[in-house]
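Data first, discussion second: the structure below is written as structure tokens.
Within every chain, numbering begins at 1; the chains are lettered A, B, ... in the order of the sequence lines, protein sequences first and strands thereafter.
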Amino acid sequence: MSDQVLSLNDVTMQFGGVVAVNNLSLEVNKGEIVALIGPNGAGKTTAFNVITGVYAPTNGKVSFQGKPIISNFPQGKMKKLYSGENAGKYTELIRKTPDVITKLGVARTFQNIRLFKNLTVFDNVLIAKHMNIKSNVFSATLRLNHKEEQTMRKESMELLEILGLAHLKDEISSSLPYGQQRKLEIARALATKPSLLLLDEPAAGMNPHETHDLTAFIRMLKDDFHLTVLMIEHHMNLVMEISDRIYVLDFGKLIASGTPADIQSNQRVIDAYLGVADDE
Amino acid sequence: MMKMKKNTKILLSVLILIAAVAALWYLDANKNQYSYAISILQRSAIYAIAAVAMNMLTGFTGLFSLGQAGFMAIGAYTVAILTIPVEMRANVYYINGIADFLANLSLPFWAALILGGVLAALVGFFVGIPVLRLKSDYLAIATLGFSEIIRAIIAAPQLDRITNGSYGLKSIPAFSSVFEAFFIAGICILLMILIINSSYGRAFKAIKEDETAAQAMGINLFKHKSMSFIISCFFTGIAGGLLAVFMRSIDSKTFQIALTYDILLIVVLGGLGSITGSVIGAFLMTAGREWLRFFDNPLMIGGFQVPLFRTGFRMVIFSLILMAVVLYYRKGLFGDKEFTWDRMYNFFIRLRDRIRRKTPEKGDKGNV
């Protein structure tokens, strides 16, 4: 159990009458690359938003490194509306905010790139270093934290160099080509020194060549930064090549999980992706 | 983009600074002759503090607050109540008398000014707890409401013995020298620039750019929003305190919503997210109103009286100019960029090229 980085227990996310994620349980172990796949609208990004504290789940528990970070049960209006399972199993109320979860060591990227568009590449990374600042606003204003600021800048620069973005450091981030923006978003996430990295469709909009490079890139990140990676992805070549294990969601429900080989031969997965013919 | 040498830029900045100090020194030496110009410049400097404070909140943190007048009132009343000379107080509070604890309580100007800022910040802290949960327009409406509440409290008869209610306060000691207002404005604006360029300032900018992403980068939204709001309130309070000293007599009507709009106009005119824009905007706005005074007087040309030239007409012209600026320079004079010598230099280069292209002289091959 000690090497379990992330675990979701019976997580259900219901918006009004719509159940976006239904009774999802999964776990990610230290050093793994795990993929979360499924057709559009299956609830993958919603699951990410629950893990990072953006949404409070309607029911269920999320633990990070063995400690619960989120736990909720249907309350108020949801008590009547709730159509998921395991109601009453969880009684604890824990709701850490996204910034606290980031500080614990969970970093993420976004499906539709959310960079600080009008700021430079360097500032984008530097901002992620702010959360661990020790000096208060007065000493920061009067520049008494010179050393700390220097360290933040040095670390950010090193990160940009490792990711090959150093030569772009003074560019406005929105002026970067798409692939570089994705890379910068990963750099920004890494600047928070995470132990778990959540990648939401890192290969979206990339051509086959770039996607191929991404495989090596993610492996390199995993090894160099001692990361555990959970990613959502649609490019099956990438997913099958890189993942240790795969979870498949369809309409909010987990329909399969296992190694890439298991998933490729799973009839339910094939049905979910290709559809089932009615006349058979 | 052409760039100037670093030394040239420093030299130019130093020259401008020396020229400004020399000009002030000259004005100070001929106080009586130039009292009008001095008062315009002082008001500009005071508005510049308030404008930069508002810009820090709106242009850099993305919080649209319209509470400026209220927080200025807190600073102004603190400074006024604590600096009116003790012997004058019976005269000022001649109707209801002064509260006993205040009768002999007096602070030096500097202490009163800082206390005014601190009180404004304190009120900002408590106001911020409920209102900073709101977004965009709703935040503006809520802060506008709080600003009016502060004004109403100041004018309330229950506080007659402290704020002198609707009678206002007078006999506030004036600035001891012409330099004082500019010196304080300089320090305040410098401090705000330092904050904006610090790590906390970067966090503010991140919040403005994208709240969700900022939070995902470990930035505590509420903490940083309150921080920006409180700092902005502090400097707005300081600006209010200076305004009290500048005007020498204040009442609750001084701090009506129109004052907030003046500051807002300066910020929009200068450009949201540009500190130099706000400073230059403050001087342009305040001076512009005075330059246009000539529209207020009847004008005769060759025995024919030009229509419309009468008292109040300048405000019509002023509004038209503002509309034109907002329509054609939608992002204000500077947008979210700062004034730099490089930009200035390039502006003139472009201007020169354009003029050359339009009027090619004989034998001049132009800049092919």
Side-chain angles (χ1 to χ4, degrees), chain A residues 48-49 52-54 97-110 112-120 122-146 148-149 151-153 156 173-174 185 188-189 191-194 198 200, chain B residues 1 3 56 59-62 114 118 121 125 133 187-235 271-274 331 335-338:
Chain A
F48 263 31
N49 282 336
T52 52
V54 177
T97 48
D99 51 301
V100 176
I101 291 172
T102 306
K103 279 182 193 165
L104 287 174
V106 182
R108 74 175 290 184
T109 66
F110 295 90
N112 31 15
I113 305 178
R114 278 175 173 270
L115 287 170
F116 304 122
K117 290 193 187 72
N118 296 314
L119 303 182
T120 62
F122 187 58
D123 277 350
N124 263 278
V125 176
L126 199 50
I127 281 166
K129 292 276 172 205
H130 176 74
M131 66 174 199
N132 288 323
I133 195 166
K134 287 197 183 64
S135 42
N136 59 34
V137 66
F138 296 105
S139 53
T141 302
L142 300 173
R143 300 293 186 269
L144 302 173
N145 64 338
H146 191 68
E148 191 179 29
E149 177 85 17
T151 319
M152 285 162 72
R153 285 176 183 274
S156 307
S173 66
S174 59
E185 228 197 357
R188 196 179 62 171
T192 65
K193 294 191 176 162
L198 307 178
D200 198 343
Chain B
M1 184 130 173
K3 281 199 171 155
M56 184 170 80
F60 289 93
T61 322
I114 290 171
V118 169
F125 170 72
R133 295 177 194 286
I187 291 179
C188 289
I189 292 167
L190 182 70
L191 280 175
M192 284 188 272
I193 292 173
L194 286 173
I195 292 172
I196 288 168
N197 289 327
S198 76
S199 184
Y200 286 91
R202 283 195 297 270
F204 295 165
K205 288 179 209 163
I207 293 174
K208 188 203 172 191
E209 292 283 321
D210 190 326
E211 283 195 10
T212 312
Q215 212 176 11
M217 291 302 110
I219 293 170
N220 183 329
L221 288 185
F222 185 70
K223 183 182 152 196
H224 286 85
K225 281 182 180 179
S226 331
M227 196 182 280
S228 174
F229 191 61
I230 290 167
I231 295 169
S232 173
C233 287
F234 174 81
F235 286 109
L272 275 170
S274 170
K331 288 178 160 179
D336 57 1
K337 308 282 191 307
E338 296 297 341

Is [X] close to chain B through its backbone or its side chain, or both, or neither, when contacts mean heavy atoms under 4.5 Å?
| X | result |
| --- | --- |
| A:Ser135 | backbone |
| A:Phe116 | both |
| A:Ala140 | both |

If you take all heavy atoms of B:Cys233 and B:Ala121, which pair is closest and at what distance?
-> CB-CA, 4.0 Å

Contact leader toward chain A among [options], where contacts are heavy-atom pairs under 4.5 Å:
| options | answer |
| --- | --- |
| B:Thr212, B:Ile193, B:Asp336 | B:Thr212 |
| B:Gly273, B:Ala214, B:Gly201 | B:Ala214 |
| B:Met217, B:Met227, B:Lys208 | B:Met217 |

N/O donor-acceptor pair under 3.5 Å between B:Ser274 side chain and B:Lys337 backbone | yes

Ignoring hydrogens and geometry, is there a side-chain-to-backbone donor-acceptor pair from A:Arg143 to B:Leu194 under 3.5 Å?
-> yes

Atom group of B:Met192 that falls short of 4.5 Å from chain A, counting heavy atoms | neither

Which atoms of B:Ile196 come close to chain A, meaning under 4.5 Å heavy atom to heavy atom: side chain ones, backbone ones, both, or neither?
-> neither

Just do the side chain to side chain contact (heavy atoms under 4.5 Å, CB included) check on B:Glu211 and B:Gln215 with the steps written out, would you?
-> CA-CA 6 Å; B:Glu211 283 195 10; B:Gln215 212 176 11; over 6 Å; no

Could you tell me which residues satisfy side-chain contact (heavy atoms from CB on, under 4.5 Å) with A:Ile113, sequence neighbours excluded, listed by chain and number?
-> A:Leu115, A:Tyr178, A:Gln181, A:Arg182, A:Glu185

side-chain contact (heavy atoms from CB on, under 4.5 Å) involving A:Met131 - partner list, sequence neighbours excluded = A:Thr102, A:Lys103, A:Thr192

Answer yes or no: is there an ion pair linking B:Glu209 with B:Lys205, defined by an N-O contact shorter than 4.0 Å?
-> no

Chain B contacts, top residue of A:Arg114, A:Glu149, A:Arg108 (heavy-atom pairs, under 4.5 Å) = A:Arg114

Partner chain B: residue of A:Ile133, A:Leu119, A:Thr109, A:Asn118 with the largest heavy-atom pair count (under 4.5 Å) | A:Asn118

